[in-house]
Amino acid sequence: MQMMTRKVLLNMELEEDDDEDGDIVLENFDQTIVCPTFGSLENQQDFRTPEFEEFNGKPDSLFFTDGQRRIDFILVYEDESKKENNKKGTNEKQKRKRQAYESNLICHGLQLEATRSVSDDKLVFVKVHAPWEVLCTYAEIMHIKLPLKPNDLKTRSPFGNLNWFTKVLRVNESVIKPEQEFFTAPFEKSRMNDFYILDRDSFFNPATRSRIVYFILSRVKYQVMNNVNKFGINRLVSSGIYKAAFPLHDCRFNYESEDISCPSERYLLFREWAHPRSIYKKQPLDLIRKYYGEKIGIYFAWLGYYTQMLLLAAVVGVACFLYGYLDQDNCTWSKEVCDPDIGGQILMCPQCDRLCPFWRLNITCESSKKLCIFDSFGTLIFAVFMGVWVTLFLEFWKRRQAELEYEWDTVELQQEEQARPEYEAQCNHVVINEITQEEERIPFTACGKCIRVTLCASAVFFWILLIIASVIGIIVYRLSVFIVFSTTLPKNPNGTDPIQKYLTPQMATSITASIISFIIIMILNTIYEKVAIMITNFELPRTQTDYENSLTMKMFLFQFVNYYSSCFYIAFFKGKFVGYPGDPVYLLGKYRNEECDPGGCLLELTTQLTIIMGGKAIWNNIQEVLLPWVMNLIGRYKRVSGSETITPRWEQDYHLQPMGKLGLFYEYLEMIIQFGFVTLFVASFPLAPLLALVNNILEIRVDAWKLTTQFRRMVPEKAQDIGAWQPIMQGIAILAVVTNAMIIAFTSDMIPRLVYYWSFSIPPYGEHTYYTMDGYINNTLSVFNITDFKNTDKENPYIGLGNYTLCRYRDFRNPPGHPQEYKHNIYYWHVIAAKLAFIIVMEHIIYSVKFFISYAIPDVSKSTKSKIKREKYLTQKLLHESHLKDLTKNMGLIAERIGGTVDNSVRPKLE
């Protein structure tokens, strides 16, 4: 294939006759630019497109047919002439857009080569290569940091004297060799000699090459419609003109490349990171970052650090659980509930207006024993510990993140980030920059920005209200259907009916409500995801980081309400506003408020968390493993030619699953939702950190397996930190202190027990002469006269009544016959005061400790600060010395030409 060059003509445009799709355009360039092209112009229309080349039969080849030029990106399209149901007009328009786009790519300096699929002749693969000059030009435009010289600063091992112990947990350095460290600086073509260029082919690694090429692909125009530019590979893929665009994996995941010059990094990552036998090893973060980019690397660094910190929380949580389990036999109030002479003689009032039976307190014996495990003094200790733990995690993560910023050269990334192509396309307003006093283009004025922000905030607020309305609807359903199940399900006073034994009205209500709630959550999630993307696109953030942060906040607000609403309802609302049997409280004037299960609301909250966390973790892992595997399996069966040994690398990768724009976003969201469960409601479930730890150990390897085996290689992206997820976690940590204090105060019975123990078990309120829990149950159950029921003239509600005239209910009210009967007694007000005092004291203690820890632990360690300053100093010194050498050399040449020499006294001044 011959390489040809020609000069680009000015104002090259091909106009269609009033076509609604707009003008197909070629880029306008300065006349001096030389544009490399392959083959001849098609159809006499000045399009420069690649010639087709035959596959050379090397399945692992990463090069053009000539074996010299590396493939930096792959574009895939379907040949319009071979499409089924061929629509000539539409296909011709798509073909012209694609040809214009490829022609403009060539004019930007990229080199293209096309080849047909070996298994489907309709598919065409366009290989993209960026020559050295293009890489250098755009590396300077993108401010990419590249090596100046090897870094000679000594890095102390973080394990110190424990190297011998941690060696078994680390990646084998003989397999994955440590990366050489360099001093780096933003690349400048004018200072090319200052950079550490041993070999042009290896100076830009594959990830950097792909990032540069994607930068070009995202900004090249292909059409103008109504004076609006249409450009970028993403829009072409979404419109179906191209079927896919992706960088290549360097080899198969289960075999090393046959090319000895290929490092086979994908194979190494699968072997030492994604394989189940490496589940106990630390992650090869440097290789992950090198192969997939900093954005993927920082996610796995954060997930791994979070998992390590969970180990401490899980150990303490299990200890608190074991304390409650071993101490349940000493639980006095549970013994009274189970005692036939105490709990067996207490008749409890019905929990609904009609047809609900009276019941004996001792039927809650088993649930009261389980409640003793979670509602113990150890839970209080664990809640305080978790308030401190979450602060330690966030502060130490900031330090670790700062270390990664230094090691991965992302310290000044925010200054390097370019505007999004979509943002640049809308920059039609010219303003004067206040700093530079130069003209610059912006997409909208300050007034327009305020209007957009207001509309976006209103849309988000509307959807939040919509999910709150759906939650209220589920609550109404629970209240109304409980009566239906109480009426329709078999009732037996002795509880011997098998259906009644396993399917109670409470259970039937909870199961059906959970199913309906799950369906609503999934439907709203699907709709809101599209709405959130539309809102963020309308908001038009400037950079990709701004875009992702804005979308993150919108999605998390919705998911927060969606996932946590049921837990907040059970913890803080259910059973709190029910009145008393003779005067119950009704929701909307019709539905009697739901009471807690016989075991109490804390046990129900624990059950809810167990089901949600366990079920969600199992479902997500199964889905993440099975779905891409099945899709790839189906794709392999559809192929005509099935052997991977004769299929080229680009075709193997094409049949893998695309990661998607929001792939990593959902991984973060899943973990942050879990982080919320671990911290917000941990006072009711001390085993939550253990479940999260087990899930995360599997999650790391499942995500690694997906990336290395089932998904195409993502475009490497830079990232300085985890973005908006950091302030979200900080907000959750602050809220967790309040929720856990309120769970202990209002959901558990810990505060009422303490008040009874210290005040009401002895005179003047109690009958005991010493502090004890004896008599707690009888003291905390109020008395109700059955004749005071308001519906005594209706259908007989006294199922299982016997000869009793009084029933008991959970509240602190005066008995019948009291001057203020059924009003709250003094014990109630003592308990309320104690609960409020406990919340205030606990919050202030934990917040004080959190503030002290945040102040005492700097975000950037002293050693990291020194390294950053030292490297910056040495880099500036290196560049300065190099500049002086060039200046001295140039002065020497000038002096030779004029017949003189440079005065030695001048040299020190220059230096």
Side-chain angles (χ1 to χ4, degrees), residues 347-359 465-489 491 504-514 516-517 520 565-602 604-605 608 742 746-747 780-801 806-816 818 820-825 828 831-832:
L347 184 72
M348 302 297 293
C349 299
Q351 292 184 321
C352 66
D353 289 342
R354 287 202 212 169
L355 302 178
C356 289
F358 291 83
W359 47 282
L465 291 179
L466 184 62
I467 188 61
I468 292 175
S470 69
V471 172
I472 295 175
I474 294 296
I475 295 173
V476 172
Y477 168 82
R478 293 172 66 101
L479 299 178
S480 58
V481 83
F482 177 77
I483 301 175
V484 176
F485 284 125
S486 298
T487 306
T488 57
L489 290 177
K491 296 179 288 293
T504 62
Q506 292 90 343
M507 180 181 294
T509 301
S510 297
I511 292 174
T512 56
S514 299
I516 295 174
S517 179
I520 292 176
S565 56
S566 61
C567 294
F568 274 98
Y569 167 69
I570 294 173
F572 306 123
F573 296 99
K574 184 178 179 181
K576 302 299 185 296
F577 312 101
V578 297
Y580 61 95
D583 187 20
V585 176
Y586 293 88
L587 180 65
L588 304 178
K590 183 178 180 181
Y591 304 101
R592 179 171 172 175
N593 280 1
E594 193 177 12
E595 296 186 30
C596 291
D597 288 340
C601 282
L602 184 69
E604 185 175 352
L605 178 60
Q608 181 88 351
M742 293 182 66
F746 292 105
T747 309
T780 54
L781 292 178
S782 299
V783 179
F784 183 77
N785 192 334
I786 293 176
T787 58
D788 290 336
F789 273 115
K790 293 182 179 181
N791 59 350
T792 53
D793 57 336
K794 300 179 181 180
E795 187 175 349
N796 179 24
Y798 310 138
I799 300 175
L801 175 59
L806 300 175
C807 65
R808 310 293 290 272
Y809 60 97
R810 295 177 182 270
D811 208 342
F812 307 114
R813 294 179 182 267
N814 294 315
H818 192 277
Q820 294 183 335
E821 67 176 0
Y822 303 136
K823 300 293 183 181
H824 287 119
N825 57 26
Y828 171 82
V831 169
I832 289 296

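Numbering starts at 1 and runs along the sequence shown.
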Inset, instruction - Using the test ring-ring contact (aromatic ring centres under 6.0 Å, His included), find all partners of Tyr580 that sit at least two apart in sequence or belong to another chain. - result: Tyr822

Legend entry - Separation of Lys574 NZ from Leu605 CG (nearest 0.5 Å): 10.5 Å

Legend entry - With sequence neighbours excluded, residues passing salt bridge (charged side-chain N to carboxylate O under 4.0 Å, His left out) with Arg813: Asp811

Legend entry - Sequence-distant partners of Cys567, disulfide bond (SG atoms under 2.5 Å apart), two or more places apart: none

Inset, instruction - Please list, chain by chain and in numerical order, all residues satisfying side chain to side chain contact (heavy atoms under 4.5 Å, CB included) with Leu465, sequence neighbours excluded. - result: Phe461

Inset, instruction - Not counting sequence neighbours, which residues clear side-chain hydrogen bond (donor to acceptor under 3.5 Å, both in side chains) with Ser566? List them please. - result: Gln608

Legend entry - Straight-line distance of Cys349 SG to Ile786 CD1, nearest 0.5 Å: 7.0 Å

Legend entry - Contacts of type side chain to side chain contact (heavy atoms under 4.5 Å, CB included), residue Ser565, not counting sequence neighbours: Val471

Inset, instruction - List for me each residue that meets side-chain hydrogen bond (donor to acceptor under 3.5 Å, both in side chains) alongside Tyr809, sequence neighbours excluded, and say none if there are none. - result: none

Inset, instruction - Supply the atom-to-atom distance Phe358 CZ to Arg808 CZ, rounded to the nearest 0.5 angstrom. - result: 13.5 Å

Inset, instruction - Can you establish whether the number of heavy atoms outside Lys823 located under 6.0 Å from its atom NZ is more than 12? - result: no

Inset, instruction - Just jot down the ring-ring contact (aromatic ring centres under 6.0 Å, His included) partners of His818, sequence neighbours excluded, or say none. - result: none

Legend entry - Shortest non-hydrogen contact from Met348 toward Cys807: C-CB, 4.1 Å

Inset, instruction - Apply ring-ring contact (aromatic ring centres under 6.0 Å, His included) to Phe573 and list each qualifying residue two or more places apart in sequence or on a separate chain. - result: none

Legend entry - Residue pair Arg810 / Val578, side-chain heavy-atom distance below 4.5 Å: no

Legend entry - Test item: Leu806 and Asn785 side chains (from C-beta on) under 4.5 Å apart, heavy atoms: yes

Inset, instruction - Applying side-chain hydrogen bond (donor to acceptor under 3.5 Å, both in side chains), name anything that partners Tyr828, two or more places apart in sequence or on another chain. - result: none

Legend entry - Residues forming a ring-ring contact (aromatic ring centres under 6.0 Å, His included) with Phe572, sequence neighbours excluded: Phe568

